[in-house]
Trainee: 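Provided herewith is a single structure, encoded as structure tokens, for subsequent inquiry.
Convention: sequence-line order gives letters A, B, ...; per-chain numbering from 1. What you see below is based on every heavy atom in this structure, not just the backbone, and it leaves out hydrogens, waters and symmetry mates.
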Amino acid sequence: LAKTTQPISMDSYEGQEVNITCSHNNIATNDYITWYQQFPSQGPRFIIQGYKTKVTNEVASLFIPADRKSSTLSLPRVSLSDTAVYYCLVGGVYSGAGSYQLTFGKGTKLSVIP
Amino acid sequence: DTGVSQDPRHKITKRGQNVTFRCDPISEHNRLYWYRQTLGQGPEFLTYFQNEAQLEKSRLLSDRFSAERPKGSFSTLEIQRTEQGDSAMYLCASSWPAGRETQYFGPGTRLLVL
């Protein structure tokens with residue numbers, strides 16, 4: 001299983017861009033990188049997923065360098081409502097029977113300050 | 001809204017009682033997952049189904065835990081002879097198998113064992 005390392009917590013002011021970096025040194029060739037957001041007492045919410053280079057959607061961007069040993073989630077102009085725990089996951093369950101390979105760490109607790 | 005739903009949202013029980021939780025996945029998803037999350041930790045995988053077949057169970061899933069997905073649609077998770085250590089949030093997720101795995105989570109069932 002590819003292990004991930006991310007900061008335990010981060011603080012940011014409203015309106016700033018926030019970058020959360022995740023290390024995954026032993027990522028496998030077939031692994032994807034996925035980020036989830038979780039608010040207290042709710043299930044995790046899918047944010048973004050990528051394999052290499054850059055992926056952007058309406059809420060975030062994901063930057064993945066060529067060696068894929070790390071990834072950075074970028075949240076533009078955060079607001080108070082972005083205060084949550086963000087999880088970086090590496091892996092995936094492939095077609096057909098196979099071993100489950102998604103593992104959540106403790107995540108990064110982002111606190112947005114007014 | 002056709003997201004993942006879970007019932008009940010909250011359950012308080014006394015030690016030794018049996019409890020059952022239900023999960024309704026997104027209708028076109030044929031994979032269904034159960035996770036457990038304790039305070040301050042990320043979700044931990046318990047088991048997953050592809051259609052009605054239970055393909056993998058974590059070592060966390062003791063003999064007191066059983067999960068079913070009889071018709072490949074909704075799933076139930078039963079805990080027999082509950083213990084205080086079973087107190088946690090139980091999360092359900094579903095996905096459609098493809099080269100990349102994206103799981104969509106329900107709101108969770110919070111269990112408190114007194």
Trainee: With A:T83, which residues qualify under side chain to side chain contact (heavy atoms under 4.5 Å, CB included), at least two apart?
Mentor: A:V112
Trainee: Which other residues belong to the hydrophobic cluster containing B:L114, where Ile, Leu, Val, Met, Phe, Trp and Tyr are joined when side-chain heavy atoms lie under 4.5 Å apart, directly or via other members?
Mentor: B:I12, B:L112
Trainee: At a heavy-atom separation under 4.5 Å, does B:Q6 approach chain A through its side chain, its backbone, both, or neither?
Mentor: neither
Trainee: Could you check which of B:Q41, B:R9, B:E44 has the highest count of heavy-atom pairs closer than 4.5 Å to chain A?
Mentor: B:Q41
Trainee: Applying the side chain to side chain contact (heavy atoms under 4.5 Å, CB included) criterion to A:V90, which one of A:T4, A:T34, A:N26 satisfies it?
Mentor: A:T4
Trainee: Mind listing the closest non-hydrogen atom pair of A:S61 and A:K54 along with its distance?
Mentor: OG-CE, 4.2 Å
Trainee: Against chain A, work out which of B:G42, B:S58, B:A93, B:P43 has the most heavy-atom pairs shorter than 4.5 Å and name it.
Mentor: B:P43
Trainee: Describe, in one word, how the ring planes of B:F105 and A:Y36 are oriented to each other, choosing from parallel (under 30°), tilted (30 to 60°) and perpendicular (over 60°).
Mentor: perpendicular
Trainee: Please classify the contact between B:P107 and chain A as side chain, backbone, both or neither, with a heavy-atom cut-off of under 4.5 Å.
Mentor: backbone
Trainee: If you tally heavy-atom pairs under 4.5 Å against chain B, which of A:P40, A:P44, A:G107, A:G105 wins?
Mentor: A:P44
